[in-house]
Structures are given as C-alpha cells and as structure tokens.
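These notes concern the structure reproduced below.
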Amino acid sequence: MATVELRFSAQPEHVRTARLVAAAVARRAGVDEAVLDEVRLAVGEACSRAVGLHRSHGIDAPVHVVLTEEEKLFSIEVGDEVPGSGGGASAVPGVRASGADDGDDGAEDEMGLAVISGLVDDVEVTSGESGGVIRMSWPTTPATVLP
Amino acid sequence: MDLSLSTRNMSGPGGDRTVVEVGGEIDVYTAPKLREQLVELVNDGSYHLVVDMEGVDFLDSTGLGVLVGGLKRVRAHEGSLRLVCNQERILKIFRITGLTKVFPIHGSVDEAVNATD
C-alpha cells in the first residue's frame with residue numbers, strides 16, 4: 001500500500017509541492033540525507049514531464065504520484081495519462097515540451113529523462129494504453145530506534 | 001521559494017558584461033521568468049552575460065533548457081554566457097547532462113567578468 005499518494009492538476013506551480021512532499025516522505029522513510037537532493041530533483045523532473053505531457057495533449061486529469069516505503073526501499077511512481085508516453089517525447093510524434101516559445105527548449109522533455117537516468121540507479125519507464133509511469137527507488141537505512 | 005532576479009552592469013577587460021543574479025528555485029514554474037529576462041537583455045543589446053547562480057537553491061532540466069536557449073541567443077550575436085556556481089548539487093546537474101562542456105563555469109563573478117577566452 002502506498003505510504004503517501006498525491007494527485008495534482010497538471011499545473012507547473014504544483015510540481016514544487018510534489019518535490020517537497022516526496023523529499024519529506026523520503027526523509028522519514030530513512031533515505032540517506034545526502035541522497036534527498038537527488039530524490040527531490042528526480043521527482044521534480046518526472047512531475048514536470050508529466051505536467052508537460054498532460055498540457056500538450058490537453059488532458060484534464062491530474063498527475064499521480066505514489067510514494068511507498070518498503071522494506072529497505074523507498075519508491076516513487078509518477079504516472080501520467082498520456083497513452084504511449086513512457087518512451088519519451090521522441091516516441092510520440094508531434095509532442096513537444098509545453099510553453100516553448102520558439103523551440104528553445106524542445107528537447108527539455110528528453111533532458112528531464114536524461115537527468116533522471118543520470119541521477120537514479122534504479123529507474124524504470126513504462127507506458128501503456130492508460131498512460132506512462134516512471135518508477136524510481138532508493139535504498140533506505142533502518143530507522144534509529146528512539147528511546 | 002520563488003525566483004529572484006536582478007541585473008547589474010560591470011566592466012571587464014573584454015568589455016561590458018551584464019551580471020544576472022539569480023536566487024531561489026529554477027523549475028518548470030519559474031523558468032519562464034528567467035527566459036523572459038534573458039530574452040529581454042539580448043533584445044536590448046546585452047550580448048555578454050554572466051549568470052550568477054550562487055543564490056540558486058534548486059535547478060532542474062527546465063532551467064538548463066532556458067540557459068541553453070540564452071546561450072544560443074547571445075551566440076547569434078557573437079556574445080557569451082558565463083555561469084558562476086560553486087554549489088556541488090547544482091554543478092552535478094551540469095555534469096550529468098554534459099553541459100559543463102557547453103558553459104564556462106566560474107567560481108566568482110569577478111572571475112567571469114574578467115575572463116576573455
């Protein structure tokens with residue numbers, strides 16, 4: 001069962017909230033302090049990408065984030081509802097990063113995935129009929145027992 | 001924390017430089033403000049920019065995209081875009097994306113303003 005689940009409307013201003021919540025839950029789950037910056041960045045990238053995909057496809061549904069504390073593992077799943085989006089923008093003809101005024105950052109979407117794969121050792125990107133999911137996980141250290 | 005931006009002009013051996021001091025978080029929400037600022041500077045004829053990122057708490061790929069866009073714009077006018085950054089967590093993002101080879105990254109604003117290579 002998910003430890004914390006978030007659904008937010010596909011608006012850029014909510015990505016920060018998702019980052020903060022993910023980092024807070026990761027910290028509580030026992031993810032090393034030194035890795036929390038990576039968690040924050042990776043979840044932000046995944047959410048920004050999902051927001052961009054929803055907006056460019058005119059999808060009103062919310063972006064879905066599932067944070068799960070497992071034994072020795074903390075996992076995050078960021079799901080979008082764009083069919084076939086998991087392979088990156090290049091897999092979906094005509095998809096571009098939203099808000100690109102003159103194509104400056106058309107490759108942003110792929111750069112986001114590049115950052116995620118550069119940061120996270122355990123990452124899996126899948127896509128299906130109902131949308132794409134980026135699943136990432138980090139090891140946790142056992143919580144110290146408080147007196 | 002929102003994005004803060006301020007600009008000032010400095011003179012170096014290579015001529016005038018516009019220093020853009022950025023603070024806060026550069027992400028999918030705030031990056032458009034930085035893009036607007038860079039576009040405005042170039043449109044106003046400032047082609048040699050120094051982006052001071054010492055006050056930046058967070059940077060993601062959207063922010064990188066805006067910086068690359070800024071570089072493209074100044075290069076179209078034979079200008080330059082130099083970064084000032086000493087924060088390891090920010091530098092790491094430039095490294096994993098290979099952008100350390102694209103941007104000259106300096107340890108201080110003075111060093112960036114005085115660079116002529």
Side-chain angles (χ1 to χ4, degrees), chain A residues 8-20 22-23 33-56 63 78 88-89 96-121 123, chain B residues 1-4 23-43 49 51 53 56-77 81 85-103:
Chain A
F8 64 92
S9 60
Q11 303 291 336
E13 57 266 42
H14 301 318
V15 172
R16 179 171 189 264
T17 306
R19 283 201 306 267
L20 296 176
E33 283 291 324
V35 188
L36 287 178
D37 270 341
E38 295 176 12
V39 173
R40 195 176 292 122
L41 182 56
V43 78
E45 294 291 354
C47 290
S48 303
R49 179 174 177 275
V51 166
L53 285 167
H54 277 211
R55 287 165 72 89
S56 61
V63 171
V78 177
R96 295 184 64 85
S98 65
D101 52 356
D102 55 1
D104 259 3
D105 39 15
E108 233 168 55
D109 186 48
E110 281 146 76
M111 189 130 74
L113 279 181
V115 169
I116 292 172
S117 46
L119 278 178
V120 189
D121 293 332
V123 59
Chain B
M1 191 180 160
D2 215 346
L3 184 77
S4 69
E25 300 187 340
I26 313 177
D27 72 354
V28 65
Y29 178 52
T30 60
K33 289 175 204 158
L34 178 60
R35 183 195 290 125
E36 275 168 33
Q37 174 78 82
L38 296 180
V39 168
E40 198 181 302
L41 286 169
V42 174
N43 287 347
L49 307 178
V51 179
M53 306 189 58
V56 172
D57 304 313
F58 181 87
L59 173 75
D60 72 4
S61 64
T62 327
L64 293 177
V66 168
L67 292 171
V68 171
L71 182 66
K72 215 170 84 178
R73 282 196 162 80
V74 293
R75 278 193 177 161
H77 299 277
L81 193 156
C85 183
N86 290 296
Q87 299 186 70
E88 186 48 40
R89 61 178 177 178
I90 305 286
L91 290 170
K92 185 177 180 179
I93 305 162
F94 285 97
R95 271 202 300 274
I96 60 176
T97 50
L99 289 173
T100 43
K101 298 186 189 89
V102 176
F103 291 103

Nearest heavy-atom pair of [X] and [Y]: which atoms, and what distance?
X	Y	answer
Ser61(B)	Gly112(A)	OG-CA, 3.5 Å
Asp60(B)	Ser48(A)	OD2-OG, 3.8 Å
Gly65(B)	Met111(A)	N-CE, 3.7 Å
Leu41(A)	Leu59(B)	CD1-O, 3.3 Å

Structural part of Leu64(B) lying under 4.5 Å from a heavy atom of chain A
both

Side chain to side chain contact (heavy atoms under 4.5 Å, CB included) evaluation trace for Tyr29(B) with Arg16(A):
CA-CA 8 Å; Tyr29(B) 178 52; Arg16(A) 179 171 189 264; over 6 Å; no

Does any backbone or side-chain atom of Arg19(A) lie under 4.5 Å from a heavy atom of chain B? Answer side chain, backbone, both or neither.
side chain

Cut-off 4.5 Å, heavy atoms of chain B, and the answer for Val115(A) is both

Atom pair CZ/CD of Arg40(A) and Glu25(B) - distance to nearest 0.5 Å
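CD of Glu25(B) is found 8.5 Å from CZ of Arg40(A).
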
For the CG atom on Asp121(A), are there more than 12 heavy atoms of other groups (residues, nucleotides or ligands in this structure) within a distance under 6.0 Å?
no

Lys92(B) and Asp37(A) ion-paired at < 4.0 Å:
no

Side chain to side chain contact (heavy atoms under 4.5 Å, CB included) partners of Ser9(A), counting only residues at least two apart:
Gln11(A), His14(A)

